[in-house]
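Order of the sequence lines fixes the chain letters, A, B, ..., with proteins taken first and strands second; residue numbering starts at 1 for each chain.
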2 protein chains.
Amino acid sequence: MYGLAVDKREQLIESTRELLWERGYVGTSPKAIQERSGAGQGSMYHHFQGKSELALAAIDRSAEDLRARAEAEFAGPGTVVERVTAYLCRERDVLKGCPVGKLAQDPDVMADADLRKPVEEYFGWLTGRLAELLDEGRVAGELDASLDPHATATALVAVLQGGYVLARAAGSPDVFAKAVDGALGLLATKEN
Amino acid sequence: MYGLAVDKREQLIESTRELLWERGYVGTSPKAIQERSGAGQGSMYHHFQGKSELALAAIDRSAEDLRARAEAEFAGPGTVVERVTAYLCRERDVLKGCPVGKLAQDPDVMADADLRKPVEEYFGWLTGRLAELLDEGRVAGELDASLDPHATATALVAVLQGGYVLARAAGSPDVFAKAVDGALGLLATKEN
DNA sequence: GTCTATAAGTTGATAGAC
DNA sequence: GTCTATCAACTTATAGAC
């Protein structure tokens, strides 16, 4: 627990996070995790019951990470539109996709209630938090009264997740930026 | 080539389409394809060089299928906004995800130029066609002159792809509908 | 065309030594 | 805690009979 060397348990979780991001759950084997983490079979099965338990630890951490980063933008300075824009435009590893969103497309993650839970909770929190923010802007007169906060928040989160899909399909991050531009262009009309 | 029994080649392609949709490319094995199609090893390797060549035939067909279905909505009756709305709201197997969009999240599909090509072309065509339609509405005075057709089209396609992600994460198609609602609500402001 | 046999390597895990 | 040995099943084919 002390010393410079990070313990194997920690390395296993971090390597699993990387592999889940790169190859998904179905495409990640225990062998690949062991090789990347530098841990052997025994070490992995000592710390975790198996692949799914290790994946759960990795997914939980990735979801918490994204949540903290989003909240940092939401709680920042500026008007509601400025903060939403800052969140939508913040730097992202677009071509790698969303570390959590990609898992929603993985059949074995969605089939396992334990693994799906953190994915569901992350998007539930994100959409709700964004809706709160939009409503705050609406009440303050910054945004049009006709704007539906929750539907709009859902659309904005979808633009991000879909932006990843389109950018990967095109092999270029520009498409992601274009989708965000289009969404911000539409939102601008709702500004007073 | 005649008779009631569909030939094995056809069965192999259709079974592969189903499996790619359900489990992705990484999650689909030749054995699974053979079992579902009722074809043996020899039959599969007679008609196709291997898994990737078979997947290419399946992806090509799925992309062409989606393209034809989209064009049917775009070329239908009504104003531009009515046709775009009809396309966005048409019935979809939301919880299964987009048969083509899901592949953009698959590492082995994106790593293979041949397999990525039909995915890239489908989204390129869809976004371009939608942009044409939006521009048509803009020129006709149906939509605001300030609307950027291509960025807006990209955002709308992203809302659909992201809607699939959010709906799967939530385990409910309602989230997809909510995202579309939000997007249409924003687009409505651009109507004259 | 379709089938079965075979094969080298991987998957996801268990057992037991150290 | 971490390692190596072992395992049954699966992966992605190739070979050759029918």
What's the closest nucleotide to the side chain of [X] if the choices are [options]?
X	options	answer
K51(B)	dT2(D), dT12(D), dT10(C)	dT12(D)
H47(B)	dT2(C), dT12(D), dG1(D)	dT2(C)
Q41(A)	dT4(C), dC3(C), dA13(C)	dA13(C)

Nearest-Å distance, [atom1] ([X]) to [atom2] ([N])?
X	N	atom1	atom2	answer
Q11(A)	dG1(D)	CD	C1'	15 Å
Y45(A)	dT2(D)	OH	C1'	15 Å
L54(B)	dT12(D)	CG	C1'	13 Å
K31(B)	dT4(C)	NZ	P	13 Å
M44(A)	dG12(C)	CE	P	9 Å
F48(B)	dT12(D)	CZ	P	16 Å
E35(B)	dT12(D)	CD	C1'	14 Å
Q34(B)	dT14(D)	CD	C1'	13 Å

Does K96(A) have more than 12 heavy atoms from other residues, nucleotides or ligands lying within 6.0 Å of its NZ?
yes

At less than 4.0 Å, is any side-chain N or O atom of S29(B) found next to OP1 or OP2 of dT11(D)? Yes or no.
yes

Would you say dC3(C) has OP1 or OP2 under 4.0 Å from some side-chain N or O of H46(B)?
no

K8(B) side chain to G38(B) main-chain N or O, any donor-acceptor pair under 3.5 Å?
yes

Geometric cation-pi criterion R92(A) and Y87(A), 6.0 Å radius, 45° cone
yes

Mind checking the NE2-CG spacing from H150(A) to L130(A)? Nearest 0.5 Å is all I need.
9.5 Å

Can you measure from OG1 (T127(A)) to CG (L156(A)) and round to the nearest 0.5 angstrom?
9.5 Å

Assign each of S52(A) and S43(B) to its nearest nucleotide of DNA chain C by heavy atoms, then name whichever residue's nucleotide is nearer the 5' end.
S43(B)

Sugar-phosphate only, base, or nothing, as touched by G42(A) at under 4.0 Å among non-hydrogen atoms
base

